[in-house]
Amino acid sequence: MCGIVGYIGQLDAKEILLKGLEKLEYRGYDSAGIAVANEDGVHVFKEKGRIADLRAAVDENIVSQAGIGHTRWATHGEPSRLNAHPHRSASGRFTLVHNGVIENYVQLTREYLQDVNLKSDTDTEVVVQVIEQFVNRGLDTEEAFRQTLMLLKGSYAIALFDHENKETIYVAKNKSPLLVGLGDTFNVVASDAMAMLQVTNEYVELMDKEMVIVTDKKVVIKNLEGEMMSRASYIAELDASDIEKGTYPHYMLKEIDEQPLVMRKIIQTYQDENGKLSVPGDVANAVAEADRVYIIACGTSYHAGLVGKQFIETWAKVPTEVHVASEFSYNMPLLSEKPLFIFISQSGETADSRAVLVQVKKLGHKALTLTNVPGSTLSREADYTLLLNAGPEIAVASTKAYTAQIAVLAILAAVTAESRGKELGFDLVKELGIIGNAMEALCDQKDEMEMIAREYLTVTRNAFFIGRGLDYFVCLEGSLKLKEISYIQAEGFAGGELKHGTIALIEDGTPVIALATQEHVNLSIRGNVKEVTARGANPCVISLKGLEEADDRFVLPEVHPELAPLVSVIPLQLIAYYAALHRGCDVDKPRNLAKSVTVE
Ligand code: M6R
């Protein structure tokens, strides 16, 4: 979480930093700040809140050729102007922005900063103060930076500015993402390529425990021993229009609407020249040869993993477990002889998932990452990667990445099934094509979804989602979507589980959204709907065509039932969207959250 950006070159740094931060705002929006330099000195602007608040506070007449900026998701210290980055050293000579968590900041304070009066509650300020202490002892800035980095424990992407040398930005990374963007008359650094796309599409990747000295003409990469590292640049195939909202009021709505297109792109990407589904041979072998698959993920990606487990077990007959990453590290089950780990992560940067990846790599196990972001940390550090090809997902609430994850897992399971000589019994390419059309039809029924949201969720303080089998997994996702953007307390339950306690919460008018897409549990879920209705609930049944009953609120187009999660989630995404909208919530940037969760 948090996003950083730095620029040095001929253009107006202030504008490039602000535009870059706008693109990084998904990483945190508790506060924001920039430090820019010109011949008059260094000017720091910070504000609590959004980039728009910062923009309003920045002196628009300032022209500058270098600077650093930050958008914050608070970890140490409340969201406030005081705790906003950039942080300055005691003398004011050094300014620093940081994304990550410095685990040993208390110890560093004790050892190096006894006489320094810290102004903020952040771990970050400690870093800039320690750098200054080293400079006070006679080191030059680069060496002071290096020595400080050697002391840091935890995660960081850092950009440092020395006011006595306004021609250089010092940057470094460990575990937190950071890229350098190259230009002819400038260089730029940022947590994410999207922040730099305004000026360049040529990037250099940085590795953990590297530092970089950036001027307008040169980018020098060194390891922490001070040795020069050479690294080729690459051209990113990102399209600037992919990261714009266009005519949509919110990214979330745009991304929901993109799902049919993403489905088609995935089918295309994972087809060979004969139209057969395929994944790279080593990936298929890795799954086929594993005696057990362990899926590791968080949040929405975890929910996609639950659906994917069904595919891998039912079609490919490989036993599969799904684990929440943040629990797995210290709650590790007894592993099988030949496990394969599958990490699912839209961003590819989630710290909880990465912690498990590091752990299982140390144990010598193979890992495959399913991610939307090529070159992301989880992709680089795993043995294999399958890309989601969903295009940038900007809204904090994940939508198109979820359906893309399920589709890619389906393809992986089908290809593995084939290599293990197991029959699927249907044509997955054809069925995914039907899914694409069904998604399109659903996206065209937004008015209906808006009505459902108005009818069921306008005044309620809570809502329940119930389903069985695959529907239960989608209910978990539907309830997460609703709670994260509308702040309605929402929970997803296995239909049969309600009567074991939670049914006590049902009172007159409680909305209960029930999914009924699975024939083998249809009667049971219908029974659960009757149970809650008898206790006053306001039921909203969403069923699959062929299973519908007279009072169902919405009927989904007919699709292969094993792939139903790909379509049943769309009404839930849209209902959550409209519920949040009706309540006046900030749909794309819900409170307390960030898109990329890079702290454990
Ligand atoms: O980038 P990842 O897929 O690893 O992110 C995992 C979760 O943080 C993410 O899915 C989160 O739950 C979303 N905000 C849900 O909409």
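Reckoned from all heavy atoms, side chains included, excluding hydrogens, waters and symmetry mates.
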- [ ] Kindly say whether the aromatic ring centers of His163 and Phe94 come within a distance under 6.0 Å.
- [x] no
Open item on the list: Please enumerate all residues that pass salt bridge (Lys or Arg N to Asp or Glu O under 4.0 Å) together with Glu164, with sequence neighbours excluded.
Closed with: Arg93
Open item on the list: Between Tyr105 and His76 (judged by ring centroids, cut-off 6.0 Å), do the two rings come close enough to count as a pair?
Closed with: yes
Open item on the list: Looking at Arg146 and Glu142, is any side-chain nitrogen of the basic one under 4.0 Å from a carboxylate oxygen of the acidic one?
Closed with: no
Open item on the list: Tell me whether the rings of Phe328 and Phe341 are parallel (<30°), tilted (30 to 60°) or perpendicular (>60°).
Closed with: perpendicular
Open item on the list: For Lys217, I'd like to know if atom NZ has over 12 heavy atoms of other residues, nucleotides or ligands within 6.0 Å.
Closed with: no
Task: Tyr29 six-ring centre to Arg72 NZ/CZ under 6.0 Å and within 45° of normal - done: no
- [ ] In plain terms, say whether Arg380 and Glu205 are close enough for a salt bridge, that is, a side-chain N and a carboxylate O under 4.0 Å apart.
- [x] yes
TODO: Indicate yes or no: does Lys595 engage Glu25 in a salt bridge with an N to O separation below 4.0 Å.
DONE: no
Task: Backbone N/O of Asn223 and side chain of Glu210: donor-acceptor pair under 3.5 Å - done: no
Task: Under-4.0 Å salt bridge between Arg354 and Glu381 - done: yes
TODO: Give the C-alpha distance, both sets of side-chain angles, the deciding distance and a yes or no for salt bridge (charged side-chain N to carboxylate O under 4.0 Å, His left out) between Asp208 and Lys173.
DONE: CA-CA 5 Å; Asp208 283 352; Lys173 88 163 225 88; 2.7 Å; yes
Open item on the list: To the closest 0.5 Å, what do you measure between CG (Leu18) and CZ (Arg55)?
Closed with: 4.5 Å
Task: Salt-bridge contact Arg50-Asp586 (side-chain N to carboxylate O under 4.0 Å) - done: yes
Open item on the list: Looking only at the aromatic ring of each residue, does the gap between the centers of Tyr26 and Tyr251 stay below 6.0 angstrom?
Closed with: no
Task: Non-hydrogen atoms of Ile62 and Asp12 that approach each other most closely - done: O-OD1, 4.0 Å
- [ ] Decide, yes or no, whether a salt bridge links Asp59 with Lys14 under the criterion of side-chain N to carboxylate O below 4.0 Å.
- [x] no
- [ ] Determine, for Glu491 against Lys483, whether the closest basic-nitrogen to carboxylate-oxygen distance falls under 4.0 angstrom.
- [x] yes
TODO: List in chain and number order the residues that pass salt bridge (Lys or Arg N to Asp or Glu O under 4.0 Å) with Glu258, two or more places apart in sequence or in another chain; answer none if no residue qualifies.
DONE: Lys254, Lys400
